[in-house]
Amino acid sequence: MHKDDGYAEEPLPPTSVPLALRRVLGLVISGEATNRAEIARRSGLARSTVAQQVEYLVGHGILREVESRRSVRGRPPRVLTISPQAGTVVAVDIDTAASQVAIADLTRRLIAQDTVDIPIGAGPPAVLDAVSERLREMLEKHDRDPDRVREVVVGLPGPVDFEQGCAVQPTGMPGWDGYPVAEYLRERFHAPVVVDNDVNLMALGEAVQGRTEAPLLCIKISSGIGAGLITAGGDVYRGADGAAGDIGHTRALGGNNVLCVCGNVGCVGAVASHRAVLRGLGIPESSEDDLLYGTRVLAQRVADSDPAALHAVRQAATEIGEVVAVLVHMFNPRSIILAGPLSELRDDLVSAVRAVVYQRALPLATRKLTITATQLKGTSGLHGGIALATQDVFGPAGMARLLADASGGE
Ligand SMILES: [Zn+2]
């Protein structure tokens, strides 16, 4: 867990959970051991102690022990896994036109996902209420105990104070600046809540679900432009204040005097975002009954090889490529993933970004570099949220909470 302070129901510090219990659970979670004999061998604990701990964990619905389907001579070995009833994690990806929500079990298996059609401009209470309501329905429908939600992870499309769990001076998000998102959802779900920048979660989703090689850089091209970084060790790199990857307001070469929402001129987000491309082509972003009107029209024009649309997309890609080339030298990623509505437009965007990066960056940095569009069809943020939540649940504090919760039922 990253945010323990303020969590009203913080049960017991990690040290109060028996070491043997943590050791046994840890070996099963990490996959290092899948049965009692392996646990004994790896932990050095007596078989009787292992049996005692396993029975406790099975009895409290945290582990499940089933007969292996592997055909072996003699008695089939009994295999230990995380019980599907051990709990649920929740991921929320809040975006400009709509929000996505998902629930998953503690093995990161997706149980259900849905879209909540509410624009971010409706303000935090309306958006968070709609999202919470939909999640309640999903938990009920899939027979998941709402009291066993272990963590909620929320992505916001703007700068996020990771420690405080809120957005900080985001643009185009009226009412969200400093709004206590984490606190609000903590009261709804009685579980720890982590709030992160949406592109950080997308990057994590690409690394975990898309199995993209790290170090990884994910670039989201949407109403603005942002980047998420995953280190070689598989962690999100947030920088000192959580602002790492906030590249939308760096100066674009062809930015001229285009005014940006931040008050500066020539920001790459103002000249090369999806929103900027739509504006340049005179396509309205949304219509009365279709929040994604602009996305659909642009996709159609590109598919029809409309010269003006193709030119606008390539022009944007070139500007983005210049910024990405700088990041390549700074960060030396193994993979770059382009995400957001522009990335779904044929190969025009990806190849134009590639062309600039390979021309600008030095051979050592691009030798093994891959630049591709996301294959996760807009779900990378949810997958990243689920991954972050399960990492926390099985971290030292999360595990202590899980075990304390289980013993509290006695
Ligand atoms: Zn700007």
TODO: Carefully, step by step, assess Arg36 and Glu65 under the rule salt bridge (Lys or Arg N to Asp or Glu O under 4.0 Å).
DONE: CA-CA 10 Å; Arg36 295 179 184 213; Glu65 198 172 32; 2.8 Å; yes
Open item on the list: What verdict does the side chain to side chain contact (heavy atoms under 4.5 Å, CB included) test give for Val89 and Val393, after you've listed the backbone C-alpha separation in whole Å, the side-chain angles of each residue and the deciding distance to 0.1 Å?
Closed with: CA-CA 9 Å; Val89 290; Val393 170; 4.0 Å; yes
Open item on the list: Under the criterion side chain to side chain contact (heavy atoms under 4.5 Å, CB included), I'd like the reasoning laid out for Thr374 against Leu338: C-alpha separation, chi angles, the key distance, then a yes or no.
Closed with: CA-CA 6 Å; Thr374 177; Leu338 304 176; over 6 Å; no
Open item on the list: Run the side chain to side chain contact (heavy atoms under 4.5 Å, CB included) test on Asp348 and Leu310 for me, step by step, so that the C-alpha distance in whole Å, both residues' side-chain angles and the decisive distance to 0.1 Å come before the verdict.
Closed with: CA-CA 8 Å; Asp348 296 78; Leu310 289 178; 3.7 Å; yes
TODO: Dump the intermediate steps for side chain to side chain contact (heavy atoms under 4.5 Å, CB included) on Arg150 and Leu402, then the final yes or no.
DONE: CA-CA 8 Å; Arg150 302 298 180 189; Leu402 194 68; 3.3 Å; yes
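Sorted by first and then second residue, the pairs that involve residues 111-138 and meet side chain to side chain donor-acceptor pair (under 3.5 Å), not counting sequence neighbours, are Asp114-Arg134, Asp129-Tyr184, Asp129-Arg188.
Under the 3.5 Å distance criterion, the side-chain polar atoms of Ser30 are matched with a main-chain donor or acceptor of Leu27. Proximity of a side-chain donor or acceptor of Arg238 to a complementary backbone N or O of Ala244 within less than 3.5 Å is not detected. Remark: side-chain polar atoms of Arg108 are not paired, donor with acceptor, to backbone N or O of Thr390 under 3.5 angstrom.
Among Leu216, Leu369, Thr231, the single residue meeting the side chain to side chain contact (heavy atoms under 4.5 Å, CB included) criterion with Pro333 is Leu369. Across Thr49, Ile39, Leu80, a single residue satisfies side chain to side chain contact (heavy atoms under 4.5 Å, CB included) together with Val24, and that is Ile39. With Ile219 as the partner, the side chain to side chain contact (heavy atoms under 4.5 Å, CB included) test is satisfied by one option alone out of Ile337, Val353, Val199, Leu327: Leu327.
The shortest distance between side-chain heavy atoms of Val350 and Thr372 does not fall below 4.5 Å. Proximity of Leu106 to Phe394: side-chain heavy atoms (C-beta onward) are separated by under 4.5 Å at one or more points.
Of the N and O atoms on the side chains of Ser43 and Arg23, not one donor lies less than 3.5 Å from an acceptor on the other residue. Checking Ser83 against Gln85 by side-chain atom types alone, no donor-acceptor pair falls below 3.5 Å.
Taking a 6.0 Å sphere around CG of Asp241, one finds it holds 12 or fewer heavy atoms contributed by other residues, nucleotides or ligands. For Arg251, the CZ atom counts as densely surrounded, since its 6.0 Å shell holds more than 12 non-hydrogen atoms of other residues, nucleotides or ligands.
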